[in-house]
Every structure is written in C-alpha cells, then in structure tokens.
Amino acid sequence: MGKLEPLPGTSDLWHPEAAEWVRLENTARRVMGLYGYAELRTPIIERTDVFVRGIGSDTEVVQKEMYTFTDRGDRSLTLRPEGTAGVMRAIANQGVGEGEEKRVFYCGPMFRGERPAAGRKRQFHQIGVEAVGKLTPLLDAESMVMLFDYLRAVGIDDFRLLLNSRGTREDRQDASRTLQEHFRPHVEEMCEDCRRRLDSNVWRILDCKVEACRGFVAQAPPIVDLLSETSRAYFGQVQRALDAFGIAYEVAPHLVRGLDYYEHTVFEVVSDSPHLGAQNALAGGGRYLIELPGSRKPIPGVGFALGMERLMMARHRPRQESPGHGPVDVFIAILGDQAEVCALQLSRELRARQVRVLCETEGRSIKAQMRTADKCGAELAVIVGGEELAAGQVTVKYMRESRQEQIDREHAAPSIAATLGRKEDPEGMY
RNA sequence: GUGGUUGUAGCUCAGUCGGUUAGAGCGCCUGGUUGUGGCCCAGGAGGUCGGGGGUUCGAGUCCCCUCAUCCACCCCA
C-alpha cells in the first residue's frame, strides 16, 4: 500500500493486459486502414488556447476538467482532454487546400480532472479518427459504418447507435431562441445550473439530468424540427446512407453532446453490456467545424473517439494475474558451475534464432529448477550438467510430453529452434 | 465538487461483545537421500492491521481527523 499507488484516476497496466491493449490498437489501425485512415501522433501537451478555442470555452471540459499549468516560459499549457483539437491543430499547421481531404487515426492517453468511477479515469485512453476537409452526408455515414466494423472486429456486439443532428451555427441561433422560449416560463422550477444555462448556453439544458429539468426537456421540440430545410435534408441523407449500409440506429431527438464544435450529425454508441456501470458510452463523435488560433477559417471534419477502458470492460476479459515475465519457449537448467558458460552461450544462440529463453541464474537444486521450468510455461527445458558436458551433449525435455532426449551440443540451437518452429515473425512480440 | 463504500501477508479474504503469541486459501522458497516439473506431504519466509491522534488496564475491533479505493451524482470516451 503506502505511497506507491499511482495517482488517483490513473493505473499501471501490466502484462498480459497491456498486450491486450496493443491488440485493440492494432485492430483499429487495420480496420481504419481499410477506409484509408493513417496514424497521426500528436503531442500530449498543447498550448491551452488550442483546446479553449477548439472545444469551446463554455463546455464542461474546458471550464473545470482540464489539467492546465504554466511552464517556465510563463505559457499556459494543458494536457490534452480529447484528441480532436490537437489533430486539427496539426492539420492546420501543415495546411489543407480547398477541397483537399485528410483522414487520420490516433490513439493514446487523454487527461481530465474528474472524479474517478467505473469506466472513468483521469488518465484514460482513446482511439479516434478524423476525416477532415470535406462536408458530405455519405462521409458521416461511412464514419459510423467504420465504427461498427471496428466494434465487431474486437468482439463487441451488444451496443446501440444513437443519432441526431444539431444543424449549422445559424440553425442553432434560431433554435436557441425557440428553446429559450420553451424553457423560460419554467425557469423557476429548474435547477440552478439550468437557470444560468438558459441565457449562456440553452443547449446544455438538454443534457441536464436533474429530474425536474428532464420533464421540461422531454416536452421540448426535437432539435431536428428546429433546423433549416437544408440541414434537415442533410440529416435525411445521412440516415438514408446508413440504411443503405444496413446500419441500425435510433434517432435521439435531444442528443447534443458536450462539445461546442459539433455541426450537423452527432452520434454516440452506448453499450448494453452489464459490465459497464453508469458510464456506458463506448464511443461518441460527429461532424464539426472547428476554430483554431492561426487558421483563417473554421475547418470541417467528421470523427469519433472510442474509450479504450470501456472497450476492455465491454469485452469482459477476466483479469489475469501478471506472471512477472513475458511468455517463454525454453528454460535452461544448470547443474554445477562448470555448465554455466555452456548454458549462457546456448541461451544467446537460441535468442538469436528468435527463441524466448529464461535461464537459471541462482544455482538452485535441479528440482527447484524444473519446477520453475514448469511454472514459466516453457515448452522445452534444456538441462546442462556434468554428464552432458562430458558427452558434448545437452538434454532436451519436452515438458508437455514428459519425454526427454540427448542432442549434440553443436547442433543444439538450430535443432531446438526447428523443433519449436518459429511461427511468429521477429516483430510480432504481441 | 457532493454523497456513500472499503482499506488486515505478494493476491483473495476471515478475525465474535474490545482481551494478551493476528489467521486461512492461493502464490513464493526449501525439503521429502544420488540429476528431473505437475499431484501429495512436511517445513519456512513474508504483516508499521492504510496513516495520525484519542478513549481504555488493554484497540485490527470504539471515536475523531487524514490518505487511498471503489461506486453513484455530475460529465463524458
């Protein structure tokens, strides 16, 4: 216990779970790659205004959840609370021409100063994508199809896609007035936050979970009804495209999401898995128009982010205990000081042939060494002792078959490597 | 930020109404005659009972504070 625990809301991730995470990421690289998305790695830390202007200053995230500090040059920096703003900054920095499109995939840690709970960490990890530069309903739909493909590829199928549209900025100005008129007569009966939101940001009222407010939200007109003709047409096209792809969705009339930059399509994937707890949103995203310092005009894009912790929970792989070392193929047992040199040399020859080797380092009894050979999961145990040395041989024991044989020391390494048959390529550590 | 929950061995946990040397299972180590794993048997190591203060003859147990955990609210991935 003591002071060695990681900070609240953060955690150490050990093998073999760490390998499972890498697999989730690699599956994403592969599936997103099928749609032409390529990886972009941006810094974890950015100038604060990248997020304030990118995400919107009236959002929960920038108002009270960012890890912001001042560096020695007196600049205000923050640990990224989400991925889109940084990706857009990188793209704007490189420049996007009129009509040009960029498709990027990213993954990594994000930071938010919230109270930890099931499926919510202060350092959490996202896999995300952004298709930037184009504004078409088909692209929005394709993004959601890709999300479906990915979820199924990692073995998740009990989820629902929630869909809505918030229209354009002009639509929202009109809609805001309508919503304000709708809620104003009831302000006195609503919560403190909503009373403030009525004039500062009515949209946030739609997200309010306070019982009293929800009643009024339920009676509010569906957002879509408040949008312009063209925005509604856009939304209709998105739905038709999804139908054509055979993707099931539910229109959530008051889904608006917490980030200001969304325009038109917004969506969320919620899980019905019993392993999730209250935080059941696996992924969220939508179409956006984002403003960044230095860019002449807002840049359009569509994208979504998946929460890796929640993916892990939804898959519900039982927690395994860490064995303290990675998987190995061979354990080399040593009997007597004389055999040490031979054993160490053999271990190097094997590793040079991509065989994973654990070698005795303590000079314990043969019994203790064999016990280790068994517990470490090695397929073969190699015994090097006085008898073997004298005969110029080594003993190879097949642990699963309880059979053993002597082979010439000279050909030991190639022979063992051949026996194991190196099915994995050298880079395939996972 | 607000509520509640839990903190005892490496892990999962038991510990009665306060009572003297704090337990179990698993794991780990060593043995069970010569150089062979798993099963079994015997033994061993390992604990500031999260930390601090208080009440008491006596606190793992009761009280206060604190730290951490988990969960819910909230928010979102």
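Because the structure is predicted, anything quoted here is derived from the model rather than measured. Letters go in sequence order (proteins before strands), and every chain restarts at 1. When reading the values below, keep in mind they use all heavy atoms of this one structure, side chains included, and skip hydrogens, waters and symmetry mates.
Using a 4.0 Å heavy-atom cutoff across all strands shown, Glu60(A) reaches sugar-phosphate atoms only and no base atom. Within 4.0 Å (heavy atoms only), Glu65(A) reaches sugar-phosphate atoms of the nucleic acid but no base atom. Across all strands, Gly277(A) comes closer than 4.0 Å only to sugar-phosphate atoms, never to a base (heavy-atom distances). The residue Lys64(A) sits apart from the nucleic acid: no heavy atom pair falls under 4.0 Å. No engagement by Ala381(A) is indicated, since no non-hydrogen atom pair under 4.0 Å with the nucleic acid exists. Looking at heavy-atom distances under 4.0 Å, Ile383(A) makes contact with a base. Within 4.0 Å (heavy atoms only), Glu387(A) reaches at least one base atom of the nucleic acid. Ala373(A) comes within contact range of no nucleotide atom at all, as no heavy-atom separation falls under 4.0 Å. Within 4.0 Å (heavy atoms only), Gln279(A) reaches at least one base atom of the nucleic acid. Here Gly285(A) lies out of heavy-atom contact (under 4.0 Å) with every strand.
A residue-by-residue look at Thr372(A) and Thr395(A) shows that Thr372(A) has its nearest nucleotide of RNA chain B further toward the 5' end. Along RNA chain B, the nucleotide closest to Glu309(A) and the one closest to Pro8(A) are compared, and the more 5′ of them pairs with Pro8(A).
For Glu362(A) and rU30(B), the CD to P distance is 7 Å, given to the nearest whole Å. Rounded to an integer number of Å, the gap from NZ of Lys375(A) to P of rG38(B) is 7 Å. Taking atom CG of Leu255(A) as the reference point, atom P of rC76(B) lies 10 Å away to the nearest angstrom. Going from atom CD1 of Ile55(A) over to atom P of rC75(B) covers 17 Å, rounded to whole Å. Going from atom CD of Gln406(A) over to atom P of rG35(B) covers 15 Å, rounded to whole Å. Rounded to whole angstrom, the span from the CZ atom of Arg214(A) across to the P atom of rC74(B) amounts to 8 Å. Note: NZ (Lys367(A)) to P (rG31(B)) measures 8 Å, nearest angstrom. With rounding to whole Å, Lys121(A) atom NZ is found 17 Å from rC75(B) atom C1'.
Rounded to the nearest 0.5 angstrom, Gln354(A) CD and Leu420(A) CG are separated by 12.0 Å. Separation of atoms CZ (Arg152(A)) and CG (Asp157(A)) is listed at 8.5 Å; rounding is to 0.5 Å. Here the straight-line distance linking atom NZ of Lys102(A) with atom CD1 of Ile299(A) works out to 11.0 Å at 0.5 Å rounding.
One finds a salt bridge joining Glu60(A) and Arg204(A) here, because a Lys/Arg side-chain nitrogen approaches an Asp/Glu carboxylate oxygen to under 4.0 Å.
The aromatic rings of Tyr262(A) and Tyr288(A) stand perpendicular to each other, their planes meeting at an angle above 60°, with 30° marking the opposite boundary. Ring orientation note: the planes of Phe159(A) and Phe148(A) are nearly perpendicular, at an angle over 60° on the 30°/60° scale.
Helical stems in RNA chain B, defined as runs of 3 or more consecutive Watson-Crick or G-U wobble pairs with donor-acceptor distances under 3.5 Å: B:1-4 with B:70-73, B:10-13 with B:23-26, B:28-32 with B:40-44, B:50-54 with B:62-66.
Spacing between rC39(B) and rG15(B) at atom P, rounded to whole Å, works out to 30 Å. When the C1' atom is compared between rU69(B) and rG50(B), the two are found 10 Å apart, to the nearest whole Å. With both ends at atom C1', the span from rA22(B) to rC40(B) equals 29 Å, rounded to whole Å. Spacing of C1' atoms, rG18(B) relative to rG60(B), comes out at 10 Å, to the nearest Å. Between rG31(B) and rC13(B), the distance separating the two P atoms is 33 Å to the nearest Å. Spacing between rC28(B) and rU12(B) at atom C1', rounded to whole Å, works out to 16 Å. Taking atom P on both rG35(B) and rU30(B), the two are 16 Å apart, rounded to the nearest angstrom. Here the separation of rA24(B) from rA45(B), taken at their P atoms, is 13 Å to the nearest Å.
Side-chain atoms of Asp329(A) come within 3.5 Å of backbone atoms of Arg356(A) as a donor-acceptor pair (strictly under, hydrogens ignored).
The side chain of Ala118(A) approaches rC71(B) more closely than any other nucleotide in the set rC71(B), rC70(B), rG35(B). Closest contact between the side chain of Ala281(A) and the listed nucleotides rC76(B), rG37(B), rA72(B) involves rC76(B). In the set rG37(B), rU30(B), rC75(B), the nucleotide with an atom closest to the side chain of Arg204(A) is rC75(B). Listed nucleotides: rU36(B), rC75(B), rG37(B). Nearest to the side chain of Gln404(A): rU36(B). Distance from the side chain of Met370(A) is smallest to rU36(B) among rU36(B), rC70(B), rG38(B).
Contact annotation: Arg364(A) reaches the phosphate of rC29(B) (side-chain N/O to OP1 or OP2, under 4.0 Å). Contact check, Arg115(A) against rC74(B): no side-chain N or O comes under 4.0 Å of OP1 or OP2. Phosphate proximity of rG31(B) to Ser365(A): present, with a side-chain N or O under 4.0 Å from OP1 or OP2.
Other residues, nucleotides and ligands contribute over 12 non-hydrogen atoms within 6.0 Å of the CZ atom of Arg351(A).
Among pairs with a residue in residues 107-130 of chain A, those fulfilling ring pair (Phe, Tyr, Trp, His ring centres under 6.0 Å) read Trp21(A)-His125(A), at least two apart in sequence or across chains.
A donor-acceptor contact under 3.5 Å is formed by the side chain of Arg310(A) with the base of rC76(B).
In summary, the side chains of Tyr261(A) and Arg287(A) do not present any donor paired with an acceptor at a separation below 3.5 Å, with no hydrogens or angles considered.
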